[in-house]
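Counting starts at 1 for both ligands and their atoms, in listed order. For the numbers below, each heavy atom of this structure counts, side chains included, while hydrogens, waters and symmetry mates do not.
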Amino acid sequence: MSAPLSPELARLVEAARLVREHAYAPYSGFRVGAAIETPSGAVYAGANVENASYGATICAERSAVACMVAAGESAIARVAVYTEADTLSMPCGICRQVLGEFAKSATVVAAGPSGARTVPFAELLPEPFGFAPPGVGP
Ligand code: THU
């Protein structure tokens with residue numbers, strides 16, 4: 001059994017659990033909620049948004065990242081992913097790459113009704129792709 005979550009992580013897991021209710025997942029039926037906490041303490045939540053053209057689907061994590069960036073923030077301290085599958089769900093590969101833009105020293109918690117697992121983001125994406133073109137800013 002895993003150790004109890006800190007109050008900060010428990011609050012984030014609850015935000016992910018709640019936003020999962022809004023997932024649009026008529027094709028897979030697999031509803032995912034994600035919540036991002038920034039160093040300011042603000043929380044941004046996102047759910048997966050599926051599409052009849054399956055490849056157009058947006059994962060919950062990337063939905064939460066878009067929400068954070070739209071609010072003017074660009075640093076991630078913690079991420080929670082909430083599902084109700086039999087096994088906990090860590091962010092998929094594409095979401096790891098997208099989170100990696102903002103979350104290099106973040107903590108990730110995958111949670112569900114029966115528990116949670118916490119890992120440093122750097123363990124999920126140890127060697128991210130990145131480049132810095134000369135003279136081109138964000
Ligand atoms: N999904 C997420 O929301 N996050 C992930 O990290 C992996 C998968 C969603 C996409 C799709 O709507 C459903 O889960 C099944 O793949």
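For the pair Ala25 and ligand 1, no heavy-atom separation below 4.0 Å is found.
A salt bridge is absent between Arg11 and Glu8: the closest approach of a Lys/Arg side-chain nitrogen to an acidic carboxylate oxygen does not fall below 4.0 angstrom. A salt bridge does not link Glu61 with Arg96: every distance from a Lys NZ or Arg NE/NH1/NH2 to an Asp or Glu carboxylate oxygen is 4.0 Å or more.
Taking each of Leu99, Asn51, Asn48 in turn, the one with a heavy atom nearest to atom 9 (C) of ligand 1 proves to be Asn48. For atom 8 (C) of ligand 1, the nearest non-hydrogen atom from the set Gly33, Ala23, Ser89, Cys59 comes from Cys59.
Nearest protein neighbour of atom 14 (O) of ligand 1, counting heavy atoms only, is Phe30 CD2, 3.4 Å.
With hydrogens and angles disregarded, a donor-acceptor distance shorter than 3.5 Å links the side chain of Glu50 to the backbone of Ser28. Listed for the Glu37 side chain is no donor-acceptor partner under 3.5 Å among the backbone atoms of Ala77. At least one donor-acceptor pair closer than 3.5 Å links the side chain of Ser63 to the backbone N or O of Ala47.
Protein heavy atoms are absent from the 4.0 Å sphere centred on atom 16 (O) of ligand 1.
Using the six-membered ring where Trp is involved, Phe129 and Phe131 have ring planes that are tilted, between 30° and 60° apart.
Ligand 1 places these atoms under 4.0 Å from at least one heavy atom of Pro91: 6 (O). When each atom of ligand 1 is checked for a heavy atom of Glu61 under 4.0 Å away, the hits are 2 (C), 3 (O), 4 (N), 5 (C), 6 (O). Close contacts of ligand 1 with Ala60, meaning ligand atoms under 4.0 Å from a residue heavy atom, involve 2 (C), 3 (O). For ligand 1, the atoms closer than 4.0 angstrom to any heavy atom of Thr57 are 10 (C), 11 (C), 12 (O). Interface of Glu50 with ligand 1, defined as ligand atoms under 4.0 Å from a residue heavy atom, comprises 11 (C), 12 (O), 13 (C).
The shortest side-chain heavy-atom distance between Val79 and Pro91 does not fall under the 4.5 Å cut-off.
Residue-to-ligand polar distances keep Ile58 apart from ligand 1: every N/O pair is separated by 3.5 Å or more. Checked against a 3.5 angstrom limit, the closest N/O atoms of Ser28 and ligand 1 fall outside it.
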Let's go through Leu12 and Val43 carefully: what are the C-alpha distance in whole Å and the side-chain angles of both, what is the deciding distance for side-chain contact (heavy atoms from CB on, under 4.5 Å) to 0.1 Å, and is it a yes or a no? CA-CA 8 Å; Leu12 207 58; Val43 171; 3.8 Å; yes
